[in-house]
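Chain A is the first sequence line, chain B the second, and so forth, proteins listed ahead of strands; every chain is numbered from 1. Just so we're clear, the structure is a prediction, and the values are computed from it rather than from any experiment.
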Amino acid sequence: MFLDYLVLGAGTGFNGGDIVSTLVIFLLLMVLLKKFAWGPLMGIMQQREELVASEIEAAEKARKDSHQFLEEQKSLLKEARTEAQSIVESAKKQGEVQKEEILTAARNEANRLKESALREIESEKEKAIAAVRDEVVSLSVLAASKVLSKEISEADNRALIEETIAKAGEAR
Amino acid sequence: MTHEAPLKTVDFGLFSLTFNLSTVMMLLVAAVIVFLIAVISTRNLKLKPTGMQNFMEWIMDFVKNIIKSNMDWKTGGRFHILGITLIMFIAVSNLLGLPFSIAYDHTLWWKSPTADPTVTMTLAAMILVLTHYYGIKMKGTGHYVGTFFKPMSFMFPLKIVEEFANTLTLGLRLYGNIYAGEILLGLLAGLASTGAMGFIGAIIPTMAWQGFSIFIGFIQAFIFTMLTMVYMAHKVSDDH
């Protein structure tokens, strides 16, 4: 008798109303929840899924783009480097050529200057020698005239002296 | 110890229905609590979830995984809402009777609705009817009838028995677990009310049993949902 109330259905009998109310309450709850809770929640989860998918796609695309960009930059850099190298190369060559030109020009100029200086020196020397010769002649004339004191005419004197000088020049 | 059920018979003219008013009330309480939890936690839905929305999404994913472990998501997706509602409703129902039970004038009013065999058997029968309904709807009548003769035709009687056995075990497992929990809690409460020594002696077992019953309540809700999906998969999946 102590366990009587444990017997299934003891004291309850067949409760058709409970069956109906259980069904109605559960189904009503399900419908209401679908409308007010699960529906919106599923919607937002779906939305998030889509968002994540599109974000992943965008990230993938950006990665690809950046990769391509990087490749482009790399090739550009390579190009620029070879170009720079060629520019340096040609500049070097040009410099070499210019150096040669300048050197030859300078050498020519120096030669020319030297030549002209030599020529000037030569002519100066000629002039100086002529001047000295004149001076010597007049000095000798002066000296001789003083020595002879007018015994001989100046014309004879001069001829004598010039002869002497010419002899002296030949003897030398 | 024994309490009367508040029965009320309503005459509808052609037939009459007997209502256990406490069961109806507790069903309503459970439904309202589930509804409030669900609606409050799904206000202010955000793409970046916070607080209660996380919890609800966790439950949804949990049920989704239960379904996925049994069948294709393409066929099983339509049972998602049924599964979430079932697991939350049963879990809340199981927990309702734990903190206290209210008896007024020898009539038991507050208890777990799932401690009533009528409720659990109704839910189980509803699930079985749904499995048969979807079995016919999704696979066609021929395939549906054919499943009773597979793998051998002499299995037919066993298959018929299986259907009834499924219903009975599904409903009575839940009922038995919860009802037993409440009986033991009632006995412990009776011990606690015998005097000071009884109260002290009852504290620890009551706490232990309440903790265990919370665990049982969630486990039973999970098992009920899991078995629902297993039976559903038997009927709607291609091969099992």
Next on the checklist: Taking side chain as everything from C-beta outward and backbone as N, CA, C, O, which of these in A:E49 sits under 4.5 Å from a heavy atom of chain B? Side chain, backbone, both or neither.
Outcome noted: side chain
Checklist entry - In Å, rounded to the nearest 0.5 Å, how long is the span from CG of A:D18 to CG of B:L21? => result 8.5 Å
Checklist entry - Hey, mind stepping through B:D61 and A:M45 against side-chain contact (heavy atoms from CB on, under 4.5 Å) and telling me if it holds? => result CA-CA 10 Å; B:D61 277 340; A:M45 286 171 90; 3.7 Å; yes
Next on the checklist: Other residues, nucleotides and ligands only: do more than 12 of their heavy atoms fall within 6.0 Å of CZ on A:R158?
Outcome noted: no
Next on the checklist: Check this for me: A:K34, atom NZ, are more than 12 non-hydrogen atoms of other residues, nucleotides or ligands nearer than 6.0 Å?
Outcome noted: no
Checklist entry - So what's closer than 4.5 Å to chain B heavy atoms on A:L51: side chain, backbone, both or neither? => result side chain
Next on the checklist: Given heavy-atom pairs under 4.5 angstrom as the criterion, report whether the side chain, backbone, both or neither of B:L86 touches chain A.
Outcome noted: both
Item to check | Close side-chain approach of B:E57 to A:R48, heavy-atom, < 4.5 Å | outcome: yes
Checklist entry - Looking at A:S21, A:A37, A:P40, which has the largest count of heavy-atom pairs under 4.5 Å with chain B? => result A:A37
Checklist entry - Heavy-atom distance under 4.5 Å to chain A: side chain of B:T42, backbone, both or neither? => result side chain
Next on the checklist: Do A:T22 and B:T118 make a side-chain contact, defined as non-hydrogen atoms from C-beta onward lying under 4.5 Å apart?
Outcome noted: no
Next on the checklist: Which atoms of A:M30 are under 4.5 Å from chain B, going by heavy atoms: the side chain, the backbone, both sets, or neither?
Outcome noted: both
Checklist entry - So does A:Q94 have more than 12 non-hydrogen atoms from other groups sitting under 6.0 Å from CD? => result no
Next on the checklist: For B:M56, which atoms come within 4.5 Å of any heavy atom of chain A: side chain, backbone, both, or neither?
Outcome noted: both
Next on the checklist: Do B:M126 and A:L27 have side chains that approach each other closer than 4.5 Å (heavy atoms only, starting at C-beta)?
Outcome noted: yes
Checklist entry - Got a second to check how far B:H80's NE2 is from A:W38's CH2, nearest 0.5 Å? => result 9.0 Å
Checklist outcome for this item: Output for pair (A:M42 CE, B:I81 CD1), nearest 0.5 Å, gives 4.5 Å
Item to check | Residues, nucleotides or ligands: over 12 heavy atoms within 6.0 Å of A:E71 CD | outcome: yes
Next on the checklist: Let me confirm one number: the CD1-CG distance from B:I84 to A:L41, rounded to the nearest 0.5 Å.
Outcome noted: 7.5 Å
Checklist outcome for this item: Rounding to 0.5 Å, atoms CE (B:M88) and CG (A:L29) come to a distance of 9.0 Å
Next on the checklist: Can you confirm whether A:F26 sits close enough to B:I90 that some side-chain heavy atom of one is under 4.5 Å from a side-chain heavy atom of the other?
Outcome noted: no
Next on the checklist: I'd like to know whether CD of A:E109 has more than 12 heavy-atom contacts from other residues, nucleotides or ligands below 6.0 angstrom.
Outcome noted: yes
Checklist outcome for this item: OG1 of B:T122 to CD1 of A:I25, rounded to nearest 0.5 Å, is 11.0 Å
